[in-house]
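Report on the following structure.
Being a predicted model, the structure only gives us computed values, none of them experimental.
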Amino acid sequence: MMSSLSPALLQDIAEALARLPIAPEDLPLIQAQLEAQAEGLGRLDALDLSRVEPATVLLPPAEASR
Amino acid sequence: MSAPDATALSVTEAARLIAGRELSPLELTRAYLDRIRRTDGHHGAYMTVLEAGALASAAAAEREIAAGRSRGPLHGIPIALKDLIQTKGIRTTCGSTILKDWVPDADAAVARRLQEAGAVLLGKLHLHEFAFGPTGVNPHYGTPRNPWDPARMPGGSSSGSGVAVRAGLAAAALGTDTGGSVRIPASLCGIVGLKATYGRVSRAGVLPLAWTLDHVGPMTRTVADAALLLQALAGQDPADPSTAVPPPPDYRAAMQGEVRGLRVGMPREVFFERLDPDVEAGVLAAARALEGLGVVLEEVALPGIGDAAAATFAIIAAESMAYHGPLLRTQAAAYGQDVRTRLLAGQFVLATHYINAQRVRQVVRAAVDGVLSRVDALLLPTTPIVAPRIEEQEATVGGIRQDVCAWLTRCTRPFNLTGHPALSVPCGLSRGGLPIGLQLVGRMFDEATLLRLGAAYEAVSPMRDRRPPEP
């Protein structure tokens, strides 16, 4: 998935979706970061999370009654 | 007591001397200011030194204490804040040139609480730009030097806080921790760092990096000092909806208890894989020392922990990009390249990645809670490596070459994801003379057990009386 994204495609996505053009010299660094995370993010996609709801945010974790 | 010696005192010791009228806040503050003047050119810890304000606060503290109106153990104690924590009327740069002239019109909740406790603010401390990086290397303002070896990085993002406390430039400091930014510099600089439970300490008035991962925490020379600061910081704050309602316990009293019979789990997967041999030896020696104090050790498994790194990446990438997007649209060139590209990578994290990461967060949190229902705490390294050289981008351990940032955050990030409290305590020096950090992780809102374990270990630690060389 992400590992197959070319710098040119990253640039197109950035401009079209986020309206944030990326300087050419930054593209290889961004690509390297995404490649480093691709396997882990792919694993998240593959997990069976059918019975798991997202964590509630902006509230403290379940507090012990102590 | 001669003034220069006063900077070597712990907060606890200084507070005792102040309470006994053997040391004055003004004398103590002058000693710190003098040391900053003499040595911070070498260390590079401070962004802003508040000499006049500190002397005025110290004089006021002295008058109040003399009049019998002591505010408690932090009254008259010189501290410093990471320059991401807003301070009313005092420049707060966040390590960025974009905010080089920003003067907030209100204090962060933690700054206000320390002020109410009578602490003396010495100044604001360097950090990784916008707190987004674990090395402390800052291309705009320079990089604080590790007190044990100036060629080494201090760790980040609370780099100046780690250096200032270890080098005797502040009695204690505050840092912030989104992926380990209190614990990593604590480990690399050889001090104590505490990330309390998510919700224990208000984040109001602290520039966010990733809202659901951000924490504020004390960085100190001793575990007892961390307890003193946490006592002042902890508690509900209407300005931060994540803060917990139950009032914090008396940490100083709670940490006095016995550790014999406490059960401590060692999670091998992720945390004990591919460690610098010196780190592994130091942490295992610390485990044996705790065993010698009657602590019962056992190996534990944390199902799903292998997915914590990817989940944390997705959350921090998406949340930080959401915050910084407007600034990046107009001032991208003003960011350092490392932080800019880290932020821009967040554009390519899908909404489904973020949501699945929040689901994995539930899985990992439940796994840690499950293990902590059987043991009292977890024991693991804080960082798998000791402080790299400042210019190093990658490091090799166990034949694996990897980005330094990935090495530094591997053992700390999972507990930003879950929100559990985590304490880093120095546990030895490598053969090259660099500090090693022991990390203890506790049940939600049970910082007291961590402080108790940490203090018991500290009393027998080989780092107890070790100090870095004077510059």
Side-chain angles (χ1 to χ4, degrees), chain A, chain B residues 197-200 211-212 240-246 249 304 306-311 313-315 317 319 321 325 328-329 332-333 337-338 340-342 344-350 352-363 365-366 369 402-403 406 417-420 443-446:
Chain A
M1 37 157 278
M2 284 187 165
S3 55
S4 63
L5 291 177
S6 68
L9 185 53
L10 288 176
Q11 183 70 280
D12 288 347
I13 292 170
E15 288 187 17
L17 290 183
R19 305 183 318 283
L20 251 170
I22 300 174
E25 63 270 23
D26 287 348
L27 282 165
L29 291 172
I30 293 169
Q31 189 185 24
Q33 287 179 44
L34 294 172
E35 281 176 8
Q37 299 295 334
E39 188 187 335
L41 291 177
R43 258 203 327 271
L44 294 190
D45 288 339
L47 289 173
D48 178 8
L49 297 167
S50 54
R51 295 185 178 185
V52 184
E53 289 193 15
T56 304
V57 297
L58 289 177
L59 289 174
E63 291 176 29
S65 54
R66 56 174 159 258
Chain B
T197 312
Y198 186 80
R200 183 57 101 187
W211 298 277
T212 69
D240 179 353
S242 74
T243 47
V245 175
D307 295 315
F313 167 78
I315 293 170
E319 293 188 9
M321 185 57 197
L328 279 165
R329 286 195 179 88
Q337 191 180 34
D338 68 324
R340 182 174 63 243
T341 55
R342 214 168 280 151
L344 288 170
Q347 291 183 95
F348 307 102
V349 171
L350 303 177
T352 48
H353 289 142
Y354 181 78
I355 296 297
N356 283 338
Q358 296 288 9
R359 296 162 93 188
V360 167
R361 179 178 230 168
Q362 293 286 47
V363 172
R365 184 183 286 169
D369 280 341
Q402 207 178 12
D403 188 294
L417 185 70
T418 67
H420 289 87
R443 295 175 184 141
M444 293 293 190
F445 297 99
D446 187 17

So which part of B:Ala406 gets closer than 4.5 Å to some heavy atom of chain A, the side chain, the backbone, both or neither? neither
Shortest non-hydrogen pair, A:Pro54 vs B:Ile355, comes out as CG-CG2, 3.9 Å
Within the side chain of B:Arg361, is there an N or O that forms a donor-acceptor pair under 3.5 Å with the backbone of A:Ala55? no
CZ (A:Arg43) and CG (B:Asn356) are apart, to the nearest 0.5 Å, by 13.0 Å
Give the C-alpha distance, both sets of side-chain angles, the deciding distance and a yes or no for side-chain contact (heavy atoms from CB on, under 4.5 Å) between B:Val349 and A:Gln37. CA-CA 10 Å; B:Val349 171; A:Gln37 299 295 334; over 6 Å; no
Any pair with a residue in residues 20-31 of chain A that passes salt bridge (charged side-chain N to carboxylate O under 4.0 Å, His left out), sequence neighbours left out, goes on the list, sorted by first then second residue, please. A:Asp26-B:Arg340
List the atom of A:Leu44, the atom of B:His353, and the distance in Å for their closest heavy-atom pair. CD1-O, 4.2 Å
Evaluation steps, side-chain contact (heavy atoms from CB on, under 4.5 Å), between A:Ile30 and B:Gln347: CA-CA 10 Å; A:Ile30 293 169; B:Gln347 291 183 95; 5.9 Å; no
What's the shortest heavy-atom distance between A:Leu20 and B:Gly325, and which atoms? CD1-O, 4.4 Å
Determine whether more than 12 heavy atoms belonging to other residues, nucleotides or ligands lie under 6.0 Å from atom CD of B:Gln337. yes
Using non-hydrogen atoms and a 4.5 Å limit, figure out which bit of A:Leu27 sits close to chain B: side chain, backbone, both or neither. neither
Option from A:Leu9, A:Leu41, A:Ile13 for which side-chain contact (heavy atoms from CB on, under 4.5 Å) with B:Phe348 holds: A:Ile13
What distance do A:Leu49 atom CG and B:Asp307 atom CG have between them, rounded to the nearest 0.5 Å? 8.5 Å
Heavy-atom closest contact (A:Glu53 atom, B:Gln362 atom, distance): O-CG, 3.1 Å
